[in-house]
Chemist: 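Below is a structure I'd like to ask you about.
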Amino acid sequence: MDNEIPLGKRTRKYRFFERVPAIVSYGAIIALVVLSIVSPVLAAAYLLVVILSMFIKIFGITYHMIVGRSRMDKVSVLNWSKRLADLEDPTASYDRLSSRRGLNEVGLSQHLENLRLMAAAEDGFFPKPSQVYNALIIPAYNEPYDVIEPALRSVIDTTYDKKRMIVVFAYEERGGKDIKETAERLKKEFGSHFYAFEAVEHPKGIPDEVVGKGGNITYSGRWLQEYLVQQDIPFKDVIVTTMDCDNKPHKSYFDYLTYEYIVREDRKHLSYQPVCLFTNNIWDVPAPMRVIATGNSFWNIISSMRPHALRNFASHAQPMDALVEMDFWSVRTIVEDGHQYWRSYFHFGGNYEVVPLHVPIYQDAVLSSSYKKTLKAQFVQLRRWAYGASDVPFVAVRVFSRQRNVPFWAGFTRFVRLLDGHVTLACVSILVAFGGWVPLILNGEAARSVAVHQLPDIVSLLQRIAMIGLAVAIFMSFKLLPSKPERYKKSRNILMLLQWVLMPVTAIVYNSAAAFYSQTRLFFGRYLDRFDVTEKIAADKLPKPRKKKR
């Protein structure tokens, strides 16, 4: 079966599953309305089932958020450069470190076990750190130098040996002459720091490509393929990270990534996912964007604790030999990161997993040149993410097929989890916020039922109990914050607390609306075939507020 999203007219089966997310999401709300008219008691029972299921999830989410943050804190301070160096001579390192087995050092027992297995393996089964190269593909459209330069500076500040790094700055021809000049300037300034630094221009107008990031990084990936052949570097010795041009990796990211790549036996069938935190400019963005960015950061922490449900998102890494075999990323979707999971899963017949890396890659929250533009840009970004619902038909036609190449129940559970995530994003916040009043408003007989009459109070009580999770999130959000810039007064901390009253608003106005928008587009076959780049601007380049004249 072709492992690409179809172009042009879809089959009836494919079109049916394109409509399924919208059918279920709208259907969940329509069901409450219909039941409220027909039987308010059934409507109340239906709503309570939905809310209780979310109520149970909240406690699991809160637990994973706490444990995930603790894991990230512990893993981030480890000396991964030293542990990576231990793999060069695993036998000697095991003999030296085995006497420390009783020490309470995070992950030491697993590190010793990895050394033992490597020492016992045949020569060449596990690559040595001195064999492995890290390739970094940084896509850009028309972002200014002031946004990109700090990201490259942060790569240089990592502890990994930069002479074993190949950096590909993948810029778009459609970005104009400014980004081309920026690419040349970056190569001149940073080229000497790495094994290689190349600026690769992605031509515009390539047939069968949507306008998006997938085509850009795939074009650079094919350039990298030819370059490695010229340099006589085996594909299996290269691990490739894609990182947006505003991202800043943790100082030990590449050491940690290389370590995990080496010690895994089935490394070709794995990809690696760091924790993406939207905190680079969190102090500078408007309050609604801070709430959304913090919520997304928490979700990425939570996901790192659920490997069975972990998917590729934003910055991630995959072996070069796997990428070459798959022809890199999809060039037909605007959500190439999440879609890469499904392409890999089906390409390798279900033998594919995402390994969590419990260190952060810091990203920018949405910030544009004005408040109005920022509000709009945030919706555009979430709309693009929500368009991941386009993966539902891609997965469905492969799972519900006689030609499927993955185990049915494994594929089916993944399909259900995928669909549930998009439906939950669309409709649950609306049901929780307004559902308790619907039976009373639509059916005059509902007031005679004690259960229905008390439904708003019951929903309100459950919401207050669920506030425990929000309280934990608020506390942890302050621990996620970078240091407050000197340009802000202490009163900014108070705003960081008060902003959380906006959470119900952002959940509906942004998350639900973006999900319904994308699912509705899919339902009617009006596909999003253009990657709307989120405008990025350095905080110090924002227009200064005008002083009022006395």
Side-chain angles (χ1 to χ4, degrees), residues 138 140-155 157 178 182 243-251 274-301 314-315 360-385 473-503 505-507 509-511 514 532-548:
I138 305 176
Y141 170 50
N142 62 354
E143 293 80 0
Y145 174 86
D146 295 324
V147 168
I148 304 170
E149 187 272 342
L152 275 168
R153 188 71 59 189
S154 70
V155 173
D157 291 340
D178 288 345
T182 296
M243 187 182 81
D244 288 350
C245 63
D246 63 337
N247 291 185
K248 298 176 181 177
H250 186 272
K251 64 178 182 180
V275 181
C276 298
L277 302 180
F278 298 88
T279 57
N280 276 345
N281 57 349
I282 196 72
W283 288 96
D284 304 302
V285 301
M289 278 67 263
R290 291 199 298 267
V291 173
I292 293 171
T294 305
N296 290 332
S297 297
F298 282 147
W299 182 250
N300 290 329
I301 293 174
S315 297
I361 282 189
Y362 303 100
Q363 302 184 211
D364 283 357
V366 173
L367 179 63
S368 191
S369 55
S370 69
Y371 192 89
K372 183 178 179 180
K373 287 183 178 179
T374 300
L375 293 176
K376 180 180 178 181
Q378 180 67 84
F379 182 80
V380 170
Q381 183 190 67
L382 294 176
R383 179 184 69 184
R384 185 177 72 243
W385 291 357
I474 292 173
F475 172 75
M476 293 186 63
S477 70
F478 280 90
K479 297 187 68 177
L480 276 182
L481 291 175
S483 300
K484 179 171 62 66
E486 294 182 0
R487 59 182 175 273
Y488 292 119
K489 299 178 180 179
K490 291 183 179 179
S491 59
R492 192 74 169 182
N493 292 320
I494 300 176
L495 294 176
M496 289 290 191
L497 177 62
L498 296 178
Q499 70 188 22
W500 289 96
V501 301
L502 296 172
M503 187 174 180
V505 178
T506 59
V509 174
Y510 277 100
N511 294 326
D532 292 311
V533 179
T534 303
E535 182 181 0
K536 299 179 177 70
I537 186 170
D540 58 355
K541 300 299 180 182
L542 288 172
K544 302 294 182 183
R546 294 180 180 179
K547 294 183 179 180
K548 294 182 179 180

Chemist: Please test Asp178 against Asn142 for side-chain contact (heavy atoms from CB on, under 4.5 Å), starting from the C-alpha separation and ending with a verdict.
Modeler: CA-CA 7 Å; Asp178 288 345; Asn142 62 354; over 6 Å; no
Chemist: Taking the side chain as C-beta and beyond, is there a heavy-atom pair between Ser477 and Phe298 under 4.5 Å?
Modeler: yes
Chemist: Please walk me through it: do Tyr510 and Leu375 pass side-chain contact (heavy atoms from CB on, under 4.5 Å)?
Modeler: CA-CA 9 Å; Tyr510 277 100; Leu375 293 176; 3.4 Å; yes
Chemist: Distance check, rounded to the nearest 0.5 Å: Asp157 atom CG versus Leu152 atom CG?
Modeler: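 Answer rounded to 0.5 Å: 11.0 Å.
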Chemist: Would you name the heavy atoms of Leu382 and Asn511 that are closest together and state the gap between them?
Modeler: CD1-OD1, 3.7 Å
Chemist: May I have the step-by-step check of side-chain contact (heavy atoms from CB on, under 4.5 Å) for Met243 and Val155, ending in yes or no?
Modeler: CA-CA 11 Å; Met243 187 182 81; Val155 173; 3.8 Å; yes
Chemist: Where is the tightest heavy-atom contact between Asp246 and Asn280, given as atom of each residue plus distance?
Modeler: O-ND2, 3.1 Å
Chemist: Using the test side chain to side chain donor-acceptor pair (under 3.5 Å), find all partners of Tyr371 that sit at least two apart in sequence or belong to another chain.
Modeler: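 So Tyr371 forms no side chain to side chain donor-acceptor pair (under 3.5 Å) with any residue.
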Chemist: If the condition is side-chain contact (heavy atoms from CB on, under 4.5 Å), which residues does Met503 pass it with, not counting sequence neighbours?
Modeler: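 Result, side-chain contact (heavy atoms from CB on, under 4.5 Å) vs Met503: Val291, Leu470, Trp500.
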Chemist: Could you pull out all residues at least two apart from Trp385 that satisfy ring-ring contact (aromatic ring centres under 6.0 Å, His included)?
Modeler: Phe278, Phe313
Chemist: Hey, mind stepping through Ile301 and Leu277 against side-chain contact (heavy atoms from CB on, under 4.5 Å) and telling me if it holds?
Modeler: CA-CA 8 Å; Ile301 293 174; Leu277 302 180; 4.0 Å; yes
Chemist: List for me each residue that meets side-chain contact (heavy atoms from CB on, under 4.5 Å) alongside Thr374, sequence neighbours excluded, and say none if there are none.
Modeler: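 Only Pro286, Met289, Val366, Leu367, Ser368 meet the side-chain contact (heavy atoms from CB on, under 4.5 Å) criterion with Thr374.
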Chemist: Are more than 12 heavy atoms, taken from residues, nucleotides or ligands other than Lys373, located less than 6.0 Å from that residue's NZ atom?
Modeler: no
Chemist: Please list, chain by chain and in numerical order, all residues satisfying side-chain contact (heavy atoms from CB on, under 4.5 Å) with Pro485, sequence neighbours excluded.
Modeler: Trp283, Arg487, Tyr488
Chemist: For the residue pair Phe379 and Val509, establish whether any side-chain heavy-atom pair is separated by less than 4.5 Å.
Modeler: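 Phe379 vs Val509: side chains apart.
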Chemist: What pair of heavy atoms forms the shortest contact from Thr294 to Arg290, and how long is it?
Modeler: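 Looking at all heavy atoms of both residues, the shortest contact is OG1-O, 2.7 Å.
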Chemist: Once ring-ring contact (aromatic ring centres under 6.0 Å, His included) is applied, do any residues pair with Tyr362, and if so which ones, sequence neighbours excluded?
Modeler: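 Checked Tyr362 against ring-ring contact (aromatic ring centres under 6.0 Å, His included); zero matches.
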Chemist: Roughly how far apart are Met496 CE and Arg492 CZ, rounded to 0.5 Å?
Modeler: 5.5 Å
Chemist: For Ala293 and Ala365, which heavy atoms make the closest approach, and how far apart are they?
Modeler: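 Minimum heavy-atom separation between Ala293 and Ala365: CB-CB, 3.7 Å.
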Chemist: CD of Glu143 to CD1 of Ile138: how many Å apart, nearest 0.5 Å?
Modeler: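 Here the interatomic distance stands at 11.5 Å.
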Chemist: Do the side chain of Asn300 and the main chain of Cys276 share a donor and acceptor less than 3.5 angstrom apart?
Modeler: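 Confirmed, Asn300 side chain pairs with Cys276 backbone.
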Chemist: What is the minimum heavy-atom distance between Ala514 and Arg383, and which atoms define it?
Modeler: CB-N, 3.7 Å
Chemist: Any heavy-atom pair between the side chains of Pro482 and Ile282 that's under 4.5 Å?
Modeler: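 Yes, close enough: below the 4.5 Å cut-off.
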Chemist: Calculate, to the nearest 0.5 Å, the distance between atoms SG and CD belonging to Cys245 and Glu149 respectively.
Modeler: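 So the SG of Cys245 and the CD of Glu149 are separated by 12.5 Å.
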Chemist: For Ala151 and Lys248, which heavy atoms make the closest approach, and how far apart are they?
Modeler: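 Scanning both residues, the minimum pair turns out to be CA-CG, 4.2 Å.
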Chemist: State, yes or no, whether a side-chain contact exists between Pro360 and Pro274 at a heavy-atom distance under 4.5 Å.
Modeler: no
Chemist: Working to the nearest 0.5 Å, report the span between CD1 of Ile494 and CG of Leu497.
Modeler: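 Nearest 0.5 Å value for the CD1-CG distance: 8.5 Å.
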